[in-house]
Amino acid sequence: MIVGILGGGQLGRMLALAGIPMGLRFRFLDPDPHAPAAQVAEQIIAPYDDPAALDQLAAGADVVTYEFENVPAAVVQRLEAHARGGGVHPPALALATLQDRLLEKQLFVECGVQVPAFVPVATRDELAAAVDRLGLGVIVKSRRMGYDGKGQAVIGGMGMSAGLPAAIEQAWSVVSGHAATGGLIVERFIDFSRELSLIGVRGRDGSTRFYPLVQNHHSRGVLRTSIAPAPDLSPGLQQAAEDRARAIMQKLNYMGVLAIEFFESRDSSGAPVLLGNEMAPRVHNTGHWTIEGAPVSQFENHLRAILGLPLGDTRATDRCSERSVPRGPVSAMINILGRFPRAEDILAIPGAHFHHYGKAERPGRKIGHVTVIAETPAALAAAVERVQAALPC
Ligand code: AMP
């Protein structure tokens, strides 16, 4: 069986590394001659919108998937027309919905997920009216092509000394380019306690599985660490998140892995609540811990799903042998950004696994990650600290 994948970055590389033991072969389309996936599988080097390259990718593959979400709809349509029978997954409807923050928010609401209050806007006057309606603070985001905090501006809180009109003007100067190309969305700024994410997978037969919610730490818009399972989770939150995610996947007739990012906040009665922030129709950085931290990784489960194979166990592997030790996080993922640590420093840490994406070092670039697994939350915290100390930046 051959799996065609649009995009040959580290996510594609890890999909191939998960599928090769199952006898699968991979063919990637990526314009970058140094794509990380090319080191482990065949690559077609061509632009993503090259019709002949798309036909070549689809015609030779039993099923096609993608590892980034900014795939133009026309590309998916072309792939669907030429796919050899297995089709393109996740489906075009999911891609179109999750590419637009407004449609994504509306889907959250339809499926019972609470979200920060939001208003779509297209002009500076509409932005001012939205701020008036929502109250301060707010965050303005581009509806399309935004990731890792790019194309966003906050109004309110810090930097408001010059007054509201100046703050609106300042935000507008950051986002006006996006207003012209796909519109904007203004959201109430949430005073959240932490960011959590849920990775779910839905198979061809409609069956679903969910990994435990994980706790994520971002810095300057970029994911730094994930801790799994999220510690001190209120009873019922996991189930609530799974029920909503299942409804979303059903509505989109979804197949494959879906990642949902939440803010954990409190409702008016002080009870913890999850607010939906965004979704990704693909394997996700906050699920990398599953390679060593769960019986079946997000990468293998994505492949199983799109190939119509039975889905695998998504529970965090609990290595604790002593019943008296309280349960808590047993896995962590730490991103390697910009420069590699010495492999020997990482591998000297008990329970640490080093993942190198085969990419060149460049400031701020995601070039690898470390997974740590431990028997107790305390041992995990100690190992994470040692990994962080071993990272050059
Ligand atoms: P996003 O691109 O939507 O994931 O946003 C990037 C980061 O900005 C998030 O990880 C949050 O830390 C922050 N952020 C986004 N939306 C909000 C919001 N409504 N309230 C508070 N912080 C936000």
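Just follow the structure's listing: the first ligand is 1, and inside any ligand the first atom is 1. The model shown is predicted, which means the values in this text are computed figures rather than measured ones.
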*For ligand 1, which atoms have a heavy atom of Phe192 less than 4.0 angstrom away?*
12 (O), 21 (C), 22 (N)
*Where's the contact between Ile190 and ligand 1, heavy-atom distance under 4.0 Å: side chain, backbone, both or neither?*
both
*Aromatic ring centroids of Phe299 and His288 under 6.0 Å?*
yes
*Return the orientation label for the Phe354 and Phe340 ring planes: parallel under 30°, perpendicular over 60°, tilted otherwise.*
perpendicular
*asked:* What verdict does the salt bridge (Lys or Arg N to Asp or Glu O under 4.0 Å) test give for Arg304 and Glu300, after you've listed the backbone C-alpha separation in whole Å, the side-chain angles of each residue and the deciding distance to 0.1 Å?
replied: CA-CA 6 Å; Arg304 290 188 186 205; Glu300 183 174 333; 2.7 Å; yes
*Among Arg188, Lys141, Glu195, which one has a heavy atom closest to atom 15 (C) of ligand 1?*
Lys141
*Do Tyr211 and Thr290 have side chains that get closer than 4.5 Å, going by heavy atoms?*
yes
